[in-house]
Amino acid sequence: MLNIKLTIPKFPVVVKMGHAHAGMGKVKVENHYDFQDIASVVALAKTYATTEPYIDSKYDIRIQKIGNNYKAYMRTSISGNWKANTGSAMLEQVAMTERYRMWVDACSEMFGGLDICAVKAVHGKDGKDYIIEVSQMVLVPICDALFIL
């Protein structure tokens, strides 16, 4: 028999199912009733799920490192969706700050000195930045910019 433990977090939270990315497989859960509902869906999906605190954000930041080249982008939802990558969003390249460079270099080193690395952070309405994802990235050239998927 499989023994499963559920720990109920502070709400709201974001539940990510499996290898959630690009806004898919992510659900904002407002209370413990909704948490129980999504837990039953996860059980049927036969995959793992993780939770993270929901951050009420102004925008998200993507920092990419390719060798010694660095770029930073800010993405702001214009459709009102809590996921900035769902619906309509505005993407603009922003200045690469020393702070952003430190984040992506530190994350690169944590994984053995990656030549290609990306960091995703959320800038909360509380004025704080929260790193929520580190990954090797997939690049798709569109116009003159590189978008991180």
Side-chain angles (χ1 to χ4, degrees), residues 5-32 34-35 37-39 41-42 45-149:
K5 275 189 178 180
L6 291 178
T7 303
I8 302 205
K10 291 174 116 178
F11 294 98
V13 296
V14 175
V15 175
K16 293 183 178 183
M17 294 179 56
H19 295 290
H21 67 285
M24 295 187 296
K26 299 176 186 177
V27 179
K28 181 180 171 188
V29 178
E30 297 285 350
N31 56 53
H32 71 281
D34 293 342
F35 188 82
D37 285 344
I38 197 69
V41 172
V42 171
K46 297 184 180 178
T47 189
Y48 68 92
T50 59
T51 63
E52 61 188 43
Y54 169 74
I55 300 163
D56 194 12
S57 66
K58 285 186 175 181
Y59 54 85
D60 65 29
I61 303 160
R62 295 279 183 147
I63 303 118
Q64 68 180 27
K65 172 185 173 166
I66 303 172
N68 291 323
N69 297 308
Y70 298 81
K71 289 188 179 180
Y73 299 91
M74 178 175 69
R75 183 172 53 190
T76 307
S77 174
I78 55 177
S79 63
N81 196 304
W82 66 271
K83 296 184 241 182
N85 60 346
T86 302
S88 298
M90 183 174 62
L91 180 71
E92 65 180 292
Q93 188 169 353
V94 294
M96 173 58 66
T97 66
E98 283 306 311
R99 185 175 191 200
Y100 295 165
R101 186 180 306 269
M102 179 193 66
W103 288 353
V104 74
D105 283 343
C107 291
S108 168
E109 289 305 313
M110 276 191 252
F111 294 98
L114 298 172
D115 289 328
I116 299 174
C117 184
V119 172
K120 180 180 176 186
V122 173
H123 184 80
K125 289 182 180 173
D126 62 1
K128 297 179 184 177
D129 292 320
Y130 301 87
I131 295 175
I132 61 169
E133 185 177 305
V134 176
S135 65
Q136 289 181 307
M137 62 191 155
V138 177
L139 299 173
V140 178
I142 300 176
C143 301
D144 292 329
L146 293 177
F147 291 78
I148 302 169
L149 301 178

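As the structure is a prediction and not an experimental result, all values here were calculated from the model.
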Does a side-chain heavy-atom distance below 4.5 Å link F35 with F11? yes
Those residues at least two apart in sequence (or on a different chain) that pass side-chain hydrogen bond (donor to acceptor under 3.5 Å, both in side chains) with D129 are R99, H123
Between P12 and E30, what is the shortest heavy-atom contact and its length? CB-OE1, 3.8 Å
V41 meets the side-chain contact (heavy atoms from CB on, under 4.5 Å) criterion, sequence neighbours left out, with M17, I38
If you compare all heavy atoms of C117 against all heavy atoms of V134, which two are closest, and at what distance to 0.1 Å? SG-CG1, 4.1 Å
Compare all side-chain heavy atoms of M90 with those of Y59 and state whether any distance is below 4.5 angstrom. no
Non-hydrogen atoms of G124 and I55 that approach each other most closely: CA-CG2, 4.0 Å
Inter-residue atom distance I132.CD1 - I61.CD1, 0.5 Å rounding: 10.5 Å
So do the side chains of V119 and K65 get within less than 4.5 Å of each other, counting heavy atoms only? no
Member of K71, M74, Q93, R75 meeting the side chain to side chain contact (heavy atoms under 4.5 Å, CB included) criterion with R62: R75
I need the L91 CG to T76 OG1 distance, nearest 0.5 Å. 9.0 Å
State the SG-CE distance between C107 and M102, to the nearest 0.5 angstrom. 9.5 Å
Between A72 and Y100, what is the shortest heavy-atom contact and its length? CB-CD1, 3.8 Å
With rounding to the nearest 0.5 angstrom, report the CG to CG distance, N68 to D115. 8.5 Å
Count the heavy atoms belonging to other residues, nucleotides or ligands that lie under 6.0 Å from NZ of K28, then report whether that count exceeds 12. yes
Roughly how far apart are K16 NZ and T50 OG1, rounded to 0.5 Å? 6.0 Å
Minimal heavy-atom distance between N31 and D34, with the atoms involved, is OD1-N, 2.8 Å
